Amino acid sequence: MALVGTRNNKQLISVPHTPAPDLSAIRAEQALIDALPLGVALIRRDDSHRLIISAANTAFDEIAGLPSRHSLGMRLTQLTALDPMGELAGRARSFAQSGGAATMDFDWRSPGSPRDRHFAVRLSWLPQADQAEPPRLQLSIRDRSSEVEQARSLRDDALRDPLTGLYNHIGFAEKTDSAGISPAIAVVMVNLQRFSRIVDSLGHTAGDELLLTVARRILSAVRPGDVVSRLGGDSFAILTHLVEGPGDALHLAVRCHEVIARSLDISGREIHQNVAIGIAYADSDELDGDEMIRNAEFAMHRAKRLGIRTEIFRPGEALKSRRRFALEADLRHAIKTGALTLAYQPLVRFGDNKIVSVEALARWQHPTRGPIPPTDFIPLAEETGLIMPLGRWALETACREIAGIRSQLPEAAALEVAVNLSSIQIAGDDVVENVRRGLAISGLPGHALKLELTESAIIANPERARHVLGALKKLDVRISMDDFGTGYSSLSYLHTLPIDVLKIDRSFITDTLAYGDSYQIVGAVLSLARALRKETVGEGIETAEHAELLAAMGCTYGQGFYFAPALSLSELRAYLRSGAITALAPADHRGTAENPRPAMPAPAPEARC
């Protein structure tokens, strides 16, 4: 009890007793937070619900920019050096008033000079030893500015080309995205011509020196605000803003051509460097940075392919390229899964009108696009290297199927098959082993197989061709030169290479009756073949007049729609069983390319596989 009141009017009232603070507990608590490796402050609320620091360790005071123990008794809002915007105090106040979660973790950035500071913060309620004791908060704060700076530095390094210091592909794509895809920007792709030859001649150090010099010259050609990057290898890209319109990108391309074309001193040698440039405009706001880069790169490759200085991206060309890429993937799958088939076009011997051979031609029925012309997928296979697995499949399939017909049909016991060879197969595949395996697996004798190759396949690597053809002749295989007269005909090749048959190109046959020059050329080829004791085949025969004329001129064999189009395996069996093997089909069963025989399918373009 206590006596309180005025001097003349004393009154006894009851005043609650406030226990003396437990100094030992306070010292123990302080010692505990002092031992922690991060900044810690214990916070209570006063009668006005302001957050007051009741205890803090030295690490907290250092983070707050205060002398040791100086934060004791301060309100959170007074920590202006640490929290100038009051954001930390506001989040602590919201947490204290929410009465929800026991803990809240968040990352917090404190604006500062010369750079911002970054912290990991945890707010949590302290357990109450006594329910009468007011609840307290613990504010734990860890300075992670060095971590953020290191991560930022690593990220910046990850976005930069280590040689030139320019943005790399990832950094450039991000810059393009952040610029906002709009008609006001363009990507200009610059590619060095003959860079690999310079590296092969002068070494990688000279190549790096060239890249650095070109980078500096491109930087001198761009305007302030343009972003320059090295995308890797010998390609650079520029993000430019079109201030005056699309012509700005073309003017930039001209400046790049001019500054790079000036002579370069690389490793003490004078180098002259040209570039191919592709330009992509942001024609659609649905594009992203990577797509604009791909479009500019597509235009650049097209410029190189066409041999021009600068090319602007055209969506139609890109669509063709994407379709071609999709077709390549489908073709790869078709070869792997055996979705291709072979058709066979008969060859007729003029002397006795007998079918003595067939030419194997690849066919592809696409599951969604229908029949794909060989003129589309065979060049694609050669371009992508798929011609090698395609060629191996065609060889083995033709050997197996024709061996089956020879054994099943007595009238076709001597039937031969011709399979085409690409120059890529001769250069890069083990053709001899493939042929040996195909003959062994099928049981087809070597003399029943004829391999057809073009003159260009020989010209590409004469020594390699001579070696391969010589080894093939040891397997008793016959060799035919296809499209003779259209390439680089050389008498020396006919004399030195083991070629058995010359196939006269269909263009000469078609024009034989119409143009005297073609007639003379066909006559000269036939005379040459007789002199060298080689057989001949006339391709593309579509009329009786063509057949009769070639037979009269001494051609050995005829092939074309006049006799039969390319037939499926089952159609070939039926054709051979019909007796056509001993004589030409009756006139009403013959046909032309325009009007094929009714029993046969519509003709398809020939393929060389």
Side-chain angles (χ1 to χ4, degrees), residues 344-360 402 405-406 409-419 444-452 473 476-485 494 498-506 508-513 518-567 572-573 575-592 597 600 606:
Y344 298 93
Q345 187 169 35
L347 276 74
V348 174
R349 186 166 55 206
F350 282 123
D352 55 8
N353 291 335
K354 287 185 177 181
I355 298 174
V356 295
S357 179
V358 291
E359 180 182 0
I402 297 306
I405 285 182
R406 286 165 59 99
L409 300 178
E411 60 267 45
L415 186 66
E416 301 174 359
V417 63
V419 179
L444 187 74
H447 66 264
L449 175 63
K450 183 164 52 182
L451 296 176
E452 297 188 2
K473 289 301 292 182
D476 204 20
V477 173
R478 304 182 72 206
I479 307 299
S480 175
M481 181 177 285
D482 201 5
D483 300 334
F484 185 77
L494 295 180
I499 296 171
D500 303 293
V501 182
L502 300 181
K503 295 191 74 172
I504 304 171
D505 185 67
R506 66 181 62 249
F508 296 120
I509 304 301
T510 303
D511 296 338
T512 298
L513 296 176
S518 293
Y519 179 88
Q520 297 298 330
I521 291 174
V522 171
V525 170
L526 293 174
S527 297
L528 176 64
R530 282 193 296 271
L532 296 175
R533 294 187 296 278
K534 300 185 186 301
E535 296 180 333
T536 52
V537 177
E539 292 186 284
I541 298 175
E542 297 189 0
T543 66
E545 291 81 5
H546 286 153
E548 293 167 1
L549 180 60
L550 287 172
M553 295 175 72
C555 187
T556 315
Y557 305 103
Q559 178 183 359
F561 293 120
Y562 172 69
F563 304 113
L567 310 173
L572 177 63
R573 286 195 183 98
Y575 188 67
L576 296 174
R577 286 194 186 101
S578 69
I581 194 161
T582 58
L584 288 175
D588 59 344
H589 283 267
R590 298 175 186 171
T592 67
R597 296 181 298 110
M600 300 303 171
E606 292 186 6

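The figures here come from the full heavy-atom set of this structure, side chains too, leaving out hydrogens, waters and symmetry mates. Here the structure is a predicted model, which means the values were calculated and not measured.
- In this structure, CZ on Arg478 lies 5.5 Å from CD on Glu416, to the nearest 0.5 angstrom.
- With Lys534 contributing its side chain and Leu502 its backbone, the two residues share no donor-acceptor pair below 3.5 Å.
- With values rounded to the nearest 0.5 angstrom, Leu550 atom CG is found 5.0 Å from Ile541 atom CD1.
- To the nearest 0.5 Å, atom NZ of residue Lys473 and atom CD1 of residue Ile499 are 10.0 Å apart.
- The side-chain heavy atoms of Phe563 and Ile355, taken from C-beta on, include no pair separated by under 4.5 Å.
- Lys503 and Gln559 get closest at one heavy-atom pair: NZ-OE1, 3.0 Å.
- Across every non-hydrogen atom of Ala547 and Phe350, the tightest pair is O-CE2, 3.6 Å.
- The SG atom of Cys555 lies 10.0 Å from the CD atom of Glu535; values are rounded to the nearest 0.5 Å.
- Taken from OG1 in Thr543 to CD1 in Ile509, the straight-line distance is 10.5 Å, to the nearest 0.5 Å.
- Atom CE of Met553 sits about 8.5 Å away from atom CZ of Arg530, to the nearest 0.5 Å.
- What you find for Val419 and Ala360 is that their closest heavy atoms are CG2-CB, 4.4 Å.
- Side-chain atoms of Val417 and Leu444, non-hydrogen and from C-beta on, do get closer than 4.5 Å to each other.
- For the residue pair Glu539 and Asp482, the shortest heavy atom distance occurs at OE1-OD1, 3.2 Å.
- Considering every non-hydrogen atom in both Ala418 and Glu452, the closest pair reads CB-OE2, 3.4 Å.
- Looking at heavy atoms from C-beta onward, Leu572 lies in side-chain contact with Ile402 at the 4.5 angstrom threshold.
- Between Lys450 and Asp500 there is no salt bridge, since no side-chain nitrogen of the basic residue lies less than 4.0 Å from a carboxylate oxygen of the acidic one.
- Taking the side chain as every heavy atom from C-beta outward, Val501 and Thr536 never approach each other to under 4.5 Å.
- Tyr557 and Arg349 get closest at one heavy-atom pair: CD2-CA, 3.6 Å.
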